[in-house]
Asks: 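I'd like to ask some things about the structure below.
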Amino acid sequence: MRKEVLLGVLTALLVAGLLSPFASSHPDGLERVAEDWGFAGKAFSMLTVPIPDYLMPGVAAEGLATALAGIVGVGITFGVAYLVGGLVARGKSKGGAR
Amino acid sequence: MSCRGFLKVIWDLVGGRQEEGQYLAAVYFACGYQDHQGVKGKMHIPDGFLDLKTWVGTTAVSIGALTYGVRATRERLQEREIPFMAVMAAFIFAAQMINFPIVGATSGHLIGGVLAAILLGPWTASIVMTTILVIQALLFGDGGITVLGANVLNMALVSPFLGYYLYRWLSGRAGSGFRPGAVFVAAWISVLGAAALMAVQLGLSGTINLTTVLSGMLFWHFFIGIGEGLITMVVVSYLYRVRPDLFHGTTVV
């Protein structure tokens with residue numbers, strides 16, 4: 001099990017770190033419709049986020065910035081999902097009481 | 001060369017390098033929103049696309065459904081499934097970054113809802129997908145804050161549930177064997193379902209005429225869904241070959 005988890009995380013890291021710089025930068029389905037029908041300009045950002053547009057700030061090379069953003073994202077997602085899973089499962093053993 | 005780069009060369013050639021404001025205006029009009037914003041990997045609904053009633057409404061539905069889902073999952077989720085949930089979340093996050101080109105200078109990327117649902121069951125998949133969407137909105141600015149509920153409804157609730165039950169229906173009764181074609185169709189249709197729902201939300205918001213946005217969204221997602229279907233089918237088939245015991249649908253109803 002532990003070995004398979006490691007293999008899974010490694011796969012995710014490889015996808016995020018090695019493939020992401022080669023991802024298509026064409027607009028996706030929603031963006032395309034928004035551009036074609038002229039409502040793309042309605043979009044705005046409410047928050048200042050740490051890693052905007054999946055580009056690690058302070059890294060000039062775009063490919064590397066994307067790869068780093070992906071690797072950090074995979075790590076954070078793995079950790080948070082583990083925590084969320086644990087929190088959900090914990091409710092069971094404790095029953096109704098807190 | 002990007003549209004912006006091309007325009008810069010032309011602009012410099014005609015000696016217009018002094019007028020920065022005019023240059024930016026030219027970039028904006030000639031290259032449009034995409035190049036001007038320099039966006040890459042922005043894919044979920046951003047803030048500003050949905051009106052108050054629509055984002056409040058979808059948020060309420062999503063909170064209600066997730067509250068029920070967490071209660072339902074709590075009784076079923078086993079400790080040994082948690083690492084697998086986390087791996088699934090990490091993999092889907094990574095896969096969502098990989099935009100693949102489709103027709104007409106447009107791209108698509110995996111949603112992953114059906115992949116997660118077939119392997120983990122629909123409610124656990126909803127929790128995993130919601131986790132990913134929250135991280136994307138808060139850390140990467142992908143998907144708005146007010147519209148998080150709508151993005152959760154489309155990609156973390158409707159997509160996994162639609163795909164999961166379609167997959168089960170197409171595969172017949174549990175135990176009748178694994179059908180890759182059923183995975184493909186379920187994943188494909190789930191993308192069209194999520195896209196249609198997103199179009200309805202945009203139409204309800206008055207952002208754009210419903211018929212227009214519905215046909216546009218369905219057209220592009222028809223192709224994007226094929227990508228979703230293929231990736232989901234390949235990953236699920238591989239996992240079924242190496243670890244058939246992991247499959248939610250074959251062991252638990």
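Throughout, a chain's letter reflects where its sequence line sits, starting with A, and its residues are numbered from 1.
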Asks: Less than 4.5 Å apart, any side-chain heavy atom of B:Trp220 and any of A:Asp28?
Replies: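 No, too far: nothing below the 4.5 Å cut-off.
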Asks: Quick one: are B:Met97 and A:Thr66 in side-chain contact, heavy atoms under 4.5 Å?
Replies: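 Side-chain contact under 4.5 Å: yes.
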Asks: Answer with side chain, backbone, both or neither: which region of B:Arg243 has an atom nearer than 4.5 Å to a non-hydrogen atom of chain A?
Replies: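 The side chain, not the backbone.
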Asks: When you look at A:Val5 and B:Phe84, which way does the side-chain contact (heavy atoms from CB on, under 4.5 Å) test go after all the steps?
Replies: CA-CA 7 Å; A:Val5 168; B:Phe84 191 46; over 6 Å; no
Asks: Heavy-atom distances under 4.5 Å only: say whether B:Val70 touches chain A with side chain, backbone, both or neither.
Replies: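 For B:Val70, the contact with chain A is made by backbone and side chain together.
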Asks: Run the numbers on B:Phe49 and A:Leu30 for side-chain contact (heavy atoms from CB on, under 4.5 Å), then give the verdict.
Replies: CA-CA 11 Å; B:Phe49 274 20; A:Leu30 171 63; 4.3 Å; yes
Asks: Taking side chain as everything from C-beta outward and backbone as N, CA, C, O, which of these in B:Phe100 sits under 4.5 Å from a heavy atom of chain A? Side chain, backbone, both or neither.
Replies: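 Interface part for B:Phe100: backbone (N, CA, C, O).
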Asks: Could you pull out all residues at least two apart from A:Asp36 that satisfy salt bridge (Lys or Arg N to Asp or Glu O under 4.0 Å)?
Replies: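 Partners of A:Asp36 by the salt bridge (Lys or Arg N to Asp or Glu O under 4.0 Å) criterion, ordered by chain and then number, come out as A:Arg32.
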Asks: Which bit of B:Ile127 comes within less than 4.5 Å of chain A, counting heavy atoms only: side chain, backbone, both or neither?
Replies: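 Side chain only.
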Asks: Look at A:Gly70, A:Gly8, A:Gly73 and state which one has the largest set of heavy-atom pairs under 4.5 Å with chain B.
Replies: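 That would be A:Gly73.
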Asks: Given heavy-atom pairs under 4.5 angstrom as the criterion, report whether the side chain, backbone, both or neither of B:Ile224 touches chain A.
Replies: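 Only the side chain of B:Ile224 comes within 4.5 Å of chain A.
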Asks: If you count heavy-atom pairs under 4.5 Å between each of B:Ala199, B:Ala95, B:Gly104, B:Ala105 and chain A, which one has the most?
Replies: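 Of B:Ala199, B:Ala95, B:Gly104, B:Ala105, B:Ala105 has the most heavy-atom pairs under 4.5 Å with chain A.
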Asks: Looking only at non-hydrogen atoms, find the nearest pair between A:Ala89 and B:Ile82 and report the distance.
Replies: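 Between these two residues, the closest heavy atoms are CB-CD1, 3.8 Å.
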Asks: Indicate the atoms forming the closest heavy-atom contact of B:Ala94 with A:Ala12, along with that distance.
Replies: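 Answer, listing the atom of B:Ala94 first, then A:Ala12: CB-O, 3.3 Å.
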Asks: Hey, could you give me the CG/CZ distance between A:Leu10 and B:Phe91, rounded to the nearest 0.5 Å?
Replies: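 Reported to 0.5 Å precision, the distance equals 12.5 Å.
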Asks: With a 4.5 angstrom heavy-atom cut-off, which part of A:Ala69 approaches chain B: side chain, backbone, both or neither?
Replies: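 For A:Ala69, heavy atoms of backbone and side chain both lie under 4.5 Å from chain B.
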Asks: What heavy-atom pair brings B:Asp47 and A:Met46 nearest, and what distance separates the two atoms?
Replies: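 The answer is OD2-CG, 3.1 Å.
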Asks: Can you check whether A:Ser25 reaches B:Asn99 side chain to side chain, under 4.5 Å on heavy atoms?
Replies: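 No, every pair of side-chain atoms sits at 4.5 Å or beyond.
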Asks: Rounded to the nearest 0.5 Å, what separation is found between the CD1 atom of A:Ile76 and the CD1 atom of B:Ile132?
Replies: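 It is 13.5 Å, given to the nearest 0.5 Å.
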Asks: If the plane angle is over 60° it's perpendicular, under 30° parallel, otherwise tilted; pick one for A:Tyr54 and B:Phe140.
Replies: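 A:Tyr54 and B:Phe140: parallel rings.
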Asks: Could you have a look at B:Val213, B:Thr73, B:Thr131, B:Val242 and say which one has the most heavy-atom pairs with chain A under 4.5 angstrom?
Replies: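 Ranked by heavy-atom pairs under 4.5 Å with chain A, first place is B:Thr131.
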Asks: With the side chain counted from C-beta on, respond yes when A:Val49 and B:Leu139 share a heavy-atom pair under 4.5 Å apart, and no when they do not.
Replies: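 A side-chain contact is absent here, since even the closest heavy-atom pair is not under 4.5 Å.
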Asks: So how far is it from B:Asn209 CG to A:Trp37 CH2, rounded to the nearest 0.5 Å?
Replies: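 The CH2 atom of A:Trp37 is 9.0 Å from CG of B:Asn209, to the nearest 0.5 Å.
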Asks: Does the side-chain contact (heavy atoms from CB on, under 4.5 Å) test come out yes or no for A:Phe39 and B:Leu202, once each step is laid out?
Replies: CA-CA 10 Å; A:Phe39 62 92; B:Leu202 289 163; 4.1 Å; yes
Asks: For B:Tyr238, is the OH atom crowded, meaning more than 12 foreign heavy atoms sit under 6.0 Å from it?
Replies: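 12 or below, so no.
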Asks: If you tally heavy-atom pairs under 4.5 Å against chain A, which of B:Gly108, B:Gly216, B:Pro83 wins?
Replies: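 Of the candidates given, the most pairs with chain A belong to B:Pro83.
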Asks: Select one option (side chain, backbone, both, neither) describing which atoms of B:Thr146 are under 4.5 Å from chain A's heavy atoms.
Replies: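 Answer is both: backbone and side chain atoms of B:Thr146 are under 4.5 Å from chain A.
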Asks: Quick check on B:Ala137 against chain A: is it the side chain, the backbone, both or neither that has a heavy atom closer than 4.5 Å?
Replies: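 Interface part for B:Ala137: backbone (N, CA, C, O).
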Asks: Report the distance from atom OG1 of A:Thr77 to atom CD1 of B:Ile92, rounding to the nearest 0.5 Å.
Replies: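 Interatomic distance, A:Thr77 OG1 to B:Ile92 CD1, rounded to 0.5 Å: 10.5 Å.
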Asks: For chain A, find its close neighbours in residues 190-198 of chain B: heavy-atom separation under 4.5 Å, sorted by number, or none.
Replies: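 Residues in range: B:Met198.
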Asks: Once rounded to the nearest 0.5 Å, what's the spacing between atom CD1 of B:Ile45 and atom CD of A:Glu31?
Replies: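 The CD atom of A:Glu31 is 12.5 Å from CD1 of B:Ile45, to the nearest 0.5 Å.
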Asks: With a 4.5 angstrom heavy-atom cut-off, could you sort out which part of B:Ser107 is near chain A: side chain, backbone, both or neither?
Replies: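 B:Ser107 touches chain A through backbone and side-chain heavy atoms alike.
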